[in-house]
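Worth saying up front: this structure is predicted, and the values here are computed from it rather than measured. As a basis for the values below, the full set of heavy atoms in this structure was taken, side chains included, without hydrogen atoms, waters or symmetry mates.
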Amino acid sequence: MQLPPVRTNAILVKRYKRFLADVQLPNQEPMTVHCPNSGSMLGCSTPGSPVIISRSDNPGRKYPWTLEMVQSKGVWIGVNTSMTNKLVHEALLNGTIDNFGSITKISPEKKVSEKSRLDFLLESAQGLTYLEVKNCSLAHNQLAIFPDAVTARGTKHLVELMHLANQGSAAAVLFCIQRGDVDSFAPATEIDPVYAQTLQQVAKEGVQVLAYLAEVTPEAVTVTRQVPVHLDHVQA
């Protein structure tokens, strides 16, 4: 998926209030940009880091520029979580994500209870599959880990998937890893042990746990391949 055509390099000054960041462009005053990421951005929000920002063509936006990616130790990391579902949708259509058979229909934002929606309902020759997608930006020793902060909402989504699986529906959670310096995935047991334990539990109850790597460059982000999942891994 190509980034918006109007974009530029900058330096991160600080990230704050969850959805805002200040960046520094050469020979200019610091500028506030939209930061579409509700996580802690642990490991990819260090002041002084190189960043890529893009400009929206929406004239009504208060902050026209968006933080797209941050560079850490020479690696570009995608932090725009509003792009994650679009990346996965694209990869489902082109067959890069092929765990669900030949897909005939993709329905986004599928309501599964009075207060909860899951990201996709997939229709294929194999039947229906409920799919929840999570953006993964944190890594430790070539291991992608999620979440980067305690996420009660994420745990709730896992429980919803487990209930669907127990009722006979196919259900899956997919971690989209927006960085290229890792080769496998595990839950972040030290950050959110409840989420990690729940992920292990739902996998035993029939929820499919998948992780896919995305190539991140200043021009585009593209899902490329599946990587192994280690549910019992303990971070050192």
Side-chain angles (χ1 to χ4, degrees), residues 1-91 108-109 117 119 132-140 144-154 174-182 188 191-192 212-224:
M1 178 170 290
Q2 294 292 317
L3 267 62
V6 181
R7 57 185 183 270
T8 189
N9 296 71
I11 297 297
L12 182 64
V13 177
K14 62 178 178 178
R15 185 264 182 134
Y16 58 103
K17 292 185 178 179
R18 293 181 72 192
F19 297 111
L20 297 177
D22 288 346
V23 301
Q24 180 75 59
L25 278 72
N27 305 317
Q28 295 186 30
E29 293 294 318
M31 175 175 65
T32 300
V33 301
H34 176 51
C35 177
N37 191 313
S38 61
S40 72
M41 287 176 54
L42 181 65
C44 53
S45 59
T46 304
S49 300
V51 300
I52 301 289
I53 57 174
S54 69
R55 185 178 177 88
S56 171
D57 56 7
N58 180 357
R61 277 187 45 167
K62 181 178 180 179
Y63 302 106
W65 290 87
T66 298
L67 182 64
E68 297 285 354
M69 56 189 66
V70 178
Q71 192 178 68
S72 176
K73 299 179 181 178
V75 176
W76 285 111
I77 304 168
V79 298
N80 182 350
T81 58
S82 69
M83 183 187 289
T84 312
N85 282 13
K86 298 174 185 177
L87 291 171
V88 170
H89 189 279
E90 179 182 72
E109 293 293 319
R117 296 175 184 268
D119 289 319
E132 179 66 13
V133 175
K134 299 298 181 186
N135 188 74
C136 180
S137 59
L138 181 61
H140 177 71
I145 55 176
F146 180 93
D148 62 5
V150 173
T151 173
R153 183 170 180 267
L174 187 150
F175 298 92
C176 180
I177 305 164
Q178 287 201 58
R179 57 187 301 158
D181 59 342
V182 298
I191 294 174
D192 191 342
Y212 272 80
L213 198 65
E215 181 183 42
V216 182
T217 72
E219 295 78 31
V221 183
T222 308
V223 175
T224 56

* **Gln71: partners by side-chain hydrogen bond (donor to acceptor under 3.5 Å, both in side chains), with sequence neighbours left out** => none
* **Atom pair OG1/CD of Thr84 and Gln178 - distance to nearest 0.5 Å** => 5.0 Å
* To do: Evaluate the criterion side-chain contact (heavy atoms from CB on, under 4.5 Å) for residue pair Leu138 and Ile191; output intermediate values, then yes/no.
  => CA-CA 11 Å; Leu138 181 61; Ile191 294 174; 3.6 Å; yes
* So which heavy atom on Leu174 is nearest to which on Tyr212, and how close? -> CD1-CD1, 3.8 Å
* Supply the atom-to-atom distance Ser54 OG to Trp65 CH2, rounded to the nearest 0.5 angstrom. => 7.5 Å
* Is the side chain of Asn135 donor-acceptor paired with the backbone N or O of Thr81 at a distance under 3.5 Å, no angle test? -> no
* Asked: So, the side chain of Arg15 versus the backbone of Cys44: is there a donor-acceptor pair under 3.5 Å, distance only?
  -> no
* Give the intermediate values and the outcome of side-chain contact (heavy atoms from CB on, under 4.5 Å) for residues Tyr16 and Asp22. => CA-CA 8 Å; Tyr16 58 103; Asp22 288 346; 2.9 Å; yes
* For the pair Leu213 and Val182, evaluate side-chain contact (heavy atoms from CB on, under 4.5 Å) and give the outcome as yes or no after the intermediate values. => CA-CA 8 Å; Leu213 198 65; Val182 298; 3.5 Å; yes
* Check the pair Asn80 / Leu67 against side-chain contact (heavy atoms from CB on, under 4.5 Å), numbers first and verdict last. => CA-CA 7 Å; Asn80 182 350; Leu67 182 64; over 6 Å; no
Distance-only donor-acceptor pairs under 3.5 Å for side chains of residues 33-42, two or more places apart:
unit_1, atom_1, unit_2, atom_2, d
His34, ND1, Phe19, O, 3.4
Asn37, OD1, Gly39, N, 2.8
Asn37, ND2, Val79, O, 2.9
Ser40, OG, Leu42, N, 3.2
Ser40, OG, Asp148, O, 2.7

* Looking at side-chain heavy atoms only, is the closest gap between Met83 and Leu87 below 4.5 Å? -> yes
* Asked: Looking only at atom types and distance, does a side-chain atom of Arg179 sit under 3.5 Å from a main-chain N or O of Ser137, one as donor and one as acceptor?
  -> yes
* Output yes when a side-chain donor or acceptor of Ser49 lies under 3.5 Å from a complementary backbone atom of Ser72, and no otherwise. => no
* **Atom of Cys136, atom of Ile145 and distance for their closest heavy-atom approach** => SG-O, 3.3 Å
* Out of curiosity, Lys73 NZ to Thr46 OG1, how far, rounded to the nearest 0.5 Å? -> 9.0 Å
* Taking only residues two or more places apart in sequence, or in another chain, which ones meet Lys86 in a side-chain contact (heavy atoms from CB on, under 4.5 Å)? -> Met1
* If you round to the nearest 0.5 Å, how far is CE of Met69 from OG1 of Thr217? -> 6.0 Å
* To do: Tell me, yes or no, whether the heavy-atom count around Glu109 atom CD, taken from other residues, nucleotides or ligands under 6.0 Å, exceeds 12.
  => yes
* To do: Determine the minimum heavy-atom distance between Gly43 and Ile77, stating which atoms define it.
  => O-CD1, 4.5 Å
* Specify the closest pair of heavy atoms between Leu12 and Ala21, including all atoms of both residues, with the distance to one decimal. => CD1-CB, 4.1 Å
* Asked: Counting N and O atoms only, with roles assigned by atom type, does the side chain of Arg55 sit under 3.5 Å from a partner on the main chain of Val6, one being a donor and the other an acceptor?
  -> no
* Asked: Closest heavy-atom contact between Pro218 and Trp76?
  -> CG-NE1, 3.6 Å
* Structure fact -> CD1 of Ile53 to CZ of Arg7, rounded to nearest 0.5 Å, is 12.0 Å
* Asked: Once you round to the nearest 0.5 Å, how far does CD1 of Ile52 lie from OG1 of Thr8?
  -> 7.5 Å
